[in-house]
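Take a look at the structure below.
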Protein chains: 2
Amino acid sequence: MNVRLMNFNEKIAAVFAATLKLIHTNGFHGTPMSKIAQESDVAIGTIYHYFPSKDDLIFALFKHCRSLLNDYIFDGIKEDFDYKASFFHVWRNFVKFYLENETVFSFFDQFFSSPYHEKNKAEIQEPIGGQNKVLDFLQEGIDQKILKQVDVHLLVASYIGVALATVHSIKFKDLKFTEKNMEELMEIIWDGAVNRNKNN
Amino acid sequence: MNVRLMNFNEKIAAVFAATLKLIHTNGFHGTPMSKIAQESDVAIGTIYHYFPSKDDLIFALFKHCRSLLNDYIFDGIKEDFDYKASFFHVWRNFVKFYLENETVFSFFDQFFSSPYHEKNKAEIQEPIGGQNKVLDFLQEGIDQKILKQVDVHLLVASYIGVALATVHSIKFKDLKFTEKNMEELMEIIWDGAVNRNKNN
DNA sequence: TGCAACCGAATGAACGTTCGATTGATGAAT
DNA sequence: ATTCATCAATCGAACGTTCATTCGGTTGCA
């Protein structure tokens with residue numbers, strides 16, 4: 001891959017967009033390079049000019065999307081938010097991001113459950129988007145005795161797990177994305193995560 | 001597909017086993033019919049005798065695995081279990097099943113995040129294994145005022161979402177499957193789900 | 001002049017599926 | 001008891017398609 005990727009060539013942006021769209025609707029199978037070229041109006045040769053192989057393209061796209069997500073979920077936290085407010089804010093952003101970027105959600109979903117994930121695990125580090133920052137944030141809550149005094153990974157699994165399941169459920173029409181539902185969900189997670197010997 | 005499938009031909013069992021294994025290690029890509037034939041010692045022609053297409057094979061395998069999971073998770077519930085005990089029991093079985101059947105977990109994971117899922121949604125009904133029974137079970141808890149008085153899908157998302165995230169986390173080595181961890185996780189989910197105006 | 005960006009026809013490998021042939025079990029007809 | 005017809009089960013070589021990738025070429029900026 002190429003350093004120029006960072007200042008974001010229009011061609012590359014088109015390729016990324018086309019790849020996301022195609023994977024969303026046709027899956028990882030069913031999105032050959034030829035269709036990516038067609039959909040993005042970039043010649044196959046050009047794509048291979050930037051990405052040595054299809055795998056490299058997928059992996060670069062993954063890193064790009066991950067950074068989008070990371071930027072998004074911690075955005076808009078005000079100084080005067082207490083821990084609970086931030087806890088809600090980040091979780092809601094997480095769900096919102098995936099709902100607003102359905103193709104990214106599909107892509108991540110497929111990426112993480114495919115052997116791509118395993119193969120590149122070493123290079124990925126943070127298994128689910130922004131999880132390291134989330135992990136630090138939850139650890140902070142543990143240290144301040146706001147959250148349960150348990151292994152932080154248990155809380156991460158709850159926090160992220162419920163968010164992902166929620167998005168799935170909304171996507172497959174079992175659930176409506178209403179203010180009421182989101183608030184009730186956040187109550188469920190908060191009540192589960194919070195240290196009951198102290199706060200509320 | 002064939003009715004004889006139900007009394008489980010040895011050949012078909014071999015094909016199913018080989019397919020699960022291959023999909024687990026090589027993903028949905030990377031498991032061509034030729035390799036399934038090779039790994040299972042069943043001729044390609046024979047596989048096509050039972051399944052009209054690769055899609056049909058995958059879908060039949062899905063239904064088979066789903067019924068395995070359904071049988072498993074509600075097994076072993078004693079008459080004298082109260083609701084909380086059953087709540088824990090089923091959740092623990094859910095996690096245990098996936099940990100004991102890693103290939104099935106991989107397969108479901110990939111199946112649900114692929115367009116297979118969308119295409120066959122009408123025929124699937126219960127999106128994640130055994131979810132309908134889980135849904136009924138949780139609805140019962142709501143009706144009895146034991147659980148929070150919310151849309152049951154919110155509780156399903158929490159219950160299943162945390163279980164899936166837990167298995168993922170264990171699989172990718174962030175988490176150990178210890179008694180202590182499982183109990184703390186169940187406390188987290190229970191505290192989140194329970195109706196705080198009443199019980200504990 | 002050199003080099004990065006760009007193009008798409010051509011290539012060879014890999015894939016899903018087909019099909020004609022073989023086997024063996026069942027049972028009706030002789 | 002023997003023959004024969006039928007048909008499901010089995011097999012794998014062969015087919016046509018589709019895929020990822022290559023490569024020789026053009027363009028245009030520095």
Side-chain angles (χ1 to χ4, degrees), chain A residues 1-62 107 110-111 114-116 119-120, chain B residues 1-62 107 110-111 114-116 119-120:
Chain A
M1 201 204 358
N2 212 303
V3 189
R4 254 161 295 98
L5 284 196
M6 298 307 120
N7 1 345
F8 245 76
N9 202 314
E10 264 173 38
K11 298 264 173 196
I12 291 170
V15 167
F16 278 178
T19 306
L20 281 177
K21 179 177 170 188
L22 288 168
I23 288 181
H24 175 58
T25 48
N26 305 113
F28 245 167
H29 328 64
T31 86
M33 294 297 262
S34 57
K35 278 197 195 139
I36 294 174
Q38 196 177 23
E39 173 82 26
S40 63
D41 266 315
V42 175
I44 283 204
T46 307
I47 300 178
Y48 276 92
H49 177 69
Y50 290 105
F51 308 102
S53 72
K54 192 183 179 183
D55 276 20
D56 285 270
L57 164 60
I58 299 295
F59 196 53
L61 177 55
F62 164 72
F107 174 68
Q110 295 184 51
F111 182 85
S114 79
Y116 270 114
K119 267 170 200 148
N120 297 312
Chain B
M1 197 204 1
N2 212 302
V3 189
R4 255 163 292 95
L5 284 195
M6 297 308 121
N7 10 337
F8 248 76
N9 203 315
E10 265 175 37
K11 298 265 172 195
I12 290 170
V15 167
F16 277 178
T19 307
L20 281 176
K21 180 178 169 186
L22 288 169
I23 287 180
H24 175 58
T25 49
N26 304 113
F28 246 167
H29 329 64
T31 84
M33 292 299 259
S34 57
K35 278 197 195 136
I36 293 174
Q38 197 176 24
E39 173 81 25
S40 63
D41 266 314
V42 175
I44 282 204
T46 306
I47 300 178
Y48 276 92
H49 176 68
Y50 290 104
F51 308 102
S53 72
K54 192 183 179 185
D55 276 22
D56 285 270
L57 164 60
I58 298 296
F59 195 52
L61 178 54
F62 164 72
F107 174 69
Q110 295 185 49
F111 183 85
S114 79
Y116 269 114
K119 268 171 200 148
N120 297 311

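The sequence lines fix the lettering, A, B, ..., with proteins before strands; numbering per chain opens at 1.
For the side chain to side chain donor-acceptor pair (under 3.5 Å) condition, no pair includes a residue of residues 28-38 of chain A, sequence neighbours left out.
Distance, B/N9 CG to C/dA25 P: 15 Å, rounded to whole Å. Atom P of nucleotide C/dG16 and atom CG of B/L57 are separated by 11 Å, given to the nearest angstrom. Taking atom CD1 on A/I47 and atom P on C/dC7, their separation rounds to 9 Å, with Å as the unit. In this entry the distance linking CZ of A/F51 with C1' of C/dC6 reads 14 Å, nearest Å. At whole-Å resolution of the value, CD in A/E10 and P in C/dA5 are 14 Å apart. To the nearest angstrom, P of C/dA14 lies 13 Å from CD of B/Q38.
Listed by chain and residue number, A/F111 satisfy the ring-ring contact (aromatic ring centres under 6.0 Å, His included) test with A/F107 (two or more places apart in sequence, or in another chain). Applying the side chain to side chain contact (heavy atoms under 4.5 Å, CB included) rule to A/S53 yields the partners A/D55, A/D56; only residues at least two apart in sequence or on another chain are considered. Legend: residues meeting side chain to side chain contact (heavy atoms under 4.5 Å, CB included) with B/E39, ordered by chain and number and at least two apart, are B/A18, B/K21, B/L22.
In this structure, the side chains of A/Y116 and A/F28 come closer than 4.5 Å at one or more pairs of heavy atoms.
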Item to check | Under 4.0 Å protein heavy-atom contacts per nucleotide of nucleotides 19-30 of chain D, with B for base, S for backbone only and - for none | outcome: SSBB--------
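For the pair A/H49 and C/dA5, the criterion of a side-chain N or O lying under 4.0 Å from OP1 or OP2 is met.
Closest approach to the B/T46 side chain among C/dG8, D/dC11, D/dA9 is made by D/dC11 (side chain taken as heavy atoms from C-beta onward).
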Would you list the atom pairs, donor with acceptor, under 3.5 Å between side chains in residues 40-48 of chain A and any protein atom, with sequence neighbours excluded?
residue	atom	partner	partner atom	Å
A/S40	OG	A/I36	O	2.6
A/S40	OG	A/A37	O	3.4
A/S40	OG	A/V42	N	3.4

